[in-house]
Protein chains: 2
Amino acid sequence: MTDTAPAPRTRIQEKNTSAILDAALEVFSQAGFRGATLDQIAKAAGLSKPNLLYYFPSKEAIHVALLSQLLDSWLDPLRRLDPEGDPVDEIVRYVLRKLDMARELPRESRLFANEILQGAPRIHDYITGPLKDLVDEKARLIQSWATAGRIAPVDPHHLIFSIWATTQHYADFDVQVRGILAPGGDAHFDGAAKFLQHLYRRGMAPD
Amino acid sequence: MTDTAPAPRTRIQEKNTSAILDAALEVFSQAGFRGATLDQIAKAAGLSKPNLLYYFPSKEAIHVALLSQLLDSWLDPLRRLDPEGDPVDEIVRYVLRKLDMARELPRESRLFANEILQGAPRIHDYITGPLKDLVDEKARLIQSWATAGRIAPVDPHHLIFSIWATTQHYADFDVQVRGILAPGGDAHFDGAAKFLQHLYRRGMAPD
DNA sequence: CGTCATCCTGACCAATTGGTCAAACTCTTT
DNA sequence: AAAGAGTTTGACCAATTGGTCAGGATGACG
């Protein structure tokens with residue numbers, strides 16, 4: 001709650017803090033906060049536990065550092081929903097951007113999912129604050145598109161939820177997706193992109 | 001891995017095992033396997049920890065008992081996808097049934113989500129076995145509808161994934177949904193039902 | 001080269017946690 | 001009411017875990 005990560009001053013600090021954060025992202029995203037241990041993180045970062053605690057004051061501080069670092073970039077795709085663009089195109093582009101994030105940053109997505117599943121103890125204020133504000137703003141934009149007859153008349157909030165759900169699903173439920181589809185790299189992301197494009201283009205096209 | 005739950009023989013066993021399972025569902029679904037403690041479960045069940053371990057041999061056994069009990073009912077809505085019904089209606093009904101489950105059984109949904117997020121260590125065989133089999137079977141059914149021109153030509157697996165994602169989202173990300181929408185009971189489920197019905201009816205209608 | 005700040009470690013600690021056990025209590029049955 | 005199965009508990013244990021600390025190693029720099 002107080003300080004999270006020291007601002008790196010030396011080259012060694014730079015290297016070690018980023019090694020720690022990367023290791024912690026790996027461990028936290030796979031095991032959740034309580035499931036992760038400092039020993040696991042230290043080992044993954046190639047450091048001793050006391051040395052790890054030399055850079056971060058506590059397990060909690062590492063977790064908070066990861067989350068605040070993540071939340072910065074998390075809102076970005078939604079923020080880029082452009083009032084000037086073609087409504088249906090904008091929505092489809094948003095879907096595809098989110099799907100890209102699920103492919104490129106699955107650990108971040110799972111870290112977030114874990115936090116929400118656990119009741120969002122550490123980011124509740126973020127959700128009811130900045131996140132809600134941005135969502136409400138973009139919901140008004142989508143609503144105005146609907147009112148103008150430029151997209152189908154749907155509830156904007158549920159549209160946004162469905163986009164989050166369908167795209168993050170490929171990161172958060174990765175094990176399930178891979179278990180059901182024939183194995184093999186990230187190939188299924190192309191199929192997902194094609195399907196979601198179809199679904200939202202059709203679903204959002206004006207009457 | 002060996003035995004999970006004793007088959008209840010006496011009235012007391014009946015009462016206590018179900019109290020334990022209910023308490024464990026509450027705790028596991030909110031904290032995940034490693035995050036949950038036997039003390040929490042025992043307290044929630046109104047029993048002492050040793051007494052809890054009189055009914056179940058280990059923490060793991062409780063978790064396994066919960067999962068296998070859940071998986072039974074989990075496949076049910078998909079299983080009821082009817083080859084004889086109208087294709088679009090069947091898909092929409094499936095969506096609404098899954099959404100109902102997210103409202104009625106959110107703890108079960110979160111238990112499942114936790115397990116998958118954690119890499120599905122305990123149900124991996126179930127996913128690549130019975131689950132994959134049923135999904136593949138129903139995917140073939142949906143594919144045949146598409147080939148016959150009775151629904152839009154989409155990848156059936158990704159259609160199913162999107163349905164899982166959009167509906168379970170309301171259980172798994174409940175905190176986020178409530179944090180963004182104005183608070184107030186389960187009212188938003190009606191809005192969700194309306195939106196999803198629109199999205200899938202439009203999205204799946206034949207050309 | 002010496003000194004000072006930074007960096008690292010082994011040893012240690014208190015709290016938590018999953019699980020055991022012998023003894024005691026209670027309920028049913030004859 | 002006595003036996004015996006079934007139920008409950010307090011005391012206890014070993015392992016794990018988050019975190020501390022004094023001191024030693026290693027760098028940067030005049």
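These numbers were taken from a predicted model, which means no experiment stands behind them. Letters A, B, ... mirror the listed sequences (proteins, then strands); counts begin at 1.
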Identify the two heavy atoms, one from B/Ile116 and one from A/Asp172, that lie closest to each other, and give their separation to 0.1 Å.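 Of all heavy-atom pairs spanning B/Ile116 and A/Asp172, the closest is CG2-O, 4.2 Å.
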Please name the pair of heavy atoms, one in A/Leu199 and one in B/Ser162, separated by the smallest distance, quoted to 0.1 Å.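 Closest approach of A/Leu199 to B/Ser162: CD2-OG, 4.4 Å.
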Does [X] have a side-chain nitrogen or oxygen under 4.0 Å from the phosphate oxygens OP1 or OP2 of [N]?
X: B/Asn16; N: D/dT8; answer: yes
X: A/Ser48; N: C/dT9; answer: yes
X: A/Tyr54; N: D/dC21; answer: no
X: A/Gln13; N: C/dT6; answer: no
X: B/Arg34; N: D/dT17; answer: yes
X: A/Asn51; N: C/dC7; answer: no

For [X] and [N], what is the distance between atoms [atom1] and [atom2] respectively, to the nearest whole Å?
X: A/Phe56; N: D/dT20; atom1: CZ; atom2: P; result: 15 Å
X: A/Leu52; N: C/dC7; atom1: CG; atom2: P; result: 14 Å
X: B/Leu38; N: C/dT17; atom1: CG; atom2: C1'; result: 8 Å
X: B/His63; N: C/dG19; atom1: NE2; atom2: C1'; result: 18 Å
X: A/Lys15; N: C/dC7; atom1: NZ; atom2: C1'; result: 11 Å
X: B/Asp39; N: C/dA15; atom1: CG; atom2: P; result: 16 Å
X: B/Leu53; N: C/dG19; atom1: CG; atom2: C1'; result: 6 Å

Between B/His198 and A/Asp155, is a side chain to side chain donor-acceptor pair (under 3.5 Å) present by the stated rule, with each step listed? CA-CA 10 Å; B/His198 167 95; A/Asp155 183 314; over 6 Å; no
Would you indicate what B/Ala42 reaches in the nucleic acid, counting non-hydrogen atoms under 4.0 angstrom: base, sugar-phosphate, or nothing?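 No contact.
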Which part of the nucleic acid does B/Ile12 contact within heavy-atom distance under 4.0 Å: base, sugar-phosphate only, or nothing?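 Here B/Ile12 touches the backbone only, sparing every base.
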On a plain distance test, is the side chain of B/Lys49 in donor-acceptor contact with the base of C/dG18 below 3.5 Å?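 For B/Lys49, whose side chain was compared with the base of C/dG18, there is a donor-acceptor pair (under 3.5 Å).
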Kindly assign one of parallel, tilted or perpendicular to the pair B/Phe28 and B/His63, based on the angle between their ring planes and the thresholds 30° and 60°.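 Plane angle over 60°, so perpendicular.
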Any idea how A/His158 and A/Phe161 line up, ring-wise: parallel (<30°), tilted (30 to 60°), or perpendicular (>60°)?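 Ring orientation, 0 to 90° scale: perpendicular.
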What nucleotide among [options] has an atom nearest to a side-chain atom of [X]?
X: B/Thr37; options: D/dT7, C/dT6, C/dG18; answer: C/dG18
X: A/Thr10; options: D/dG19, D/dT9, C/dT6; answer: C/dT6
X: A/Tyr55; options: C/dG19, C/dC8, D/dG10; answer: C/dC8

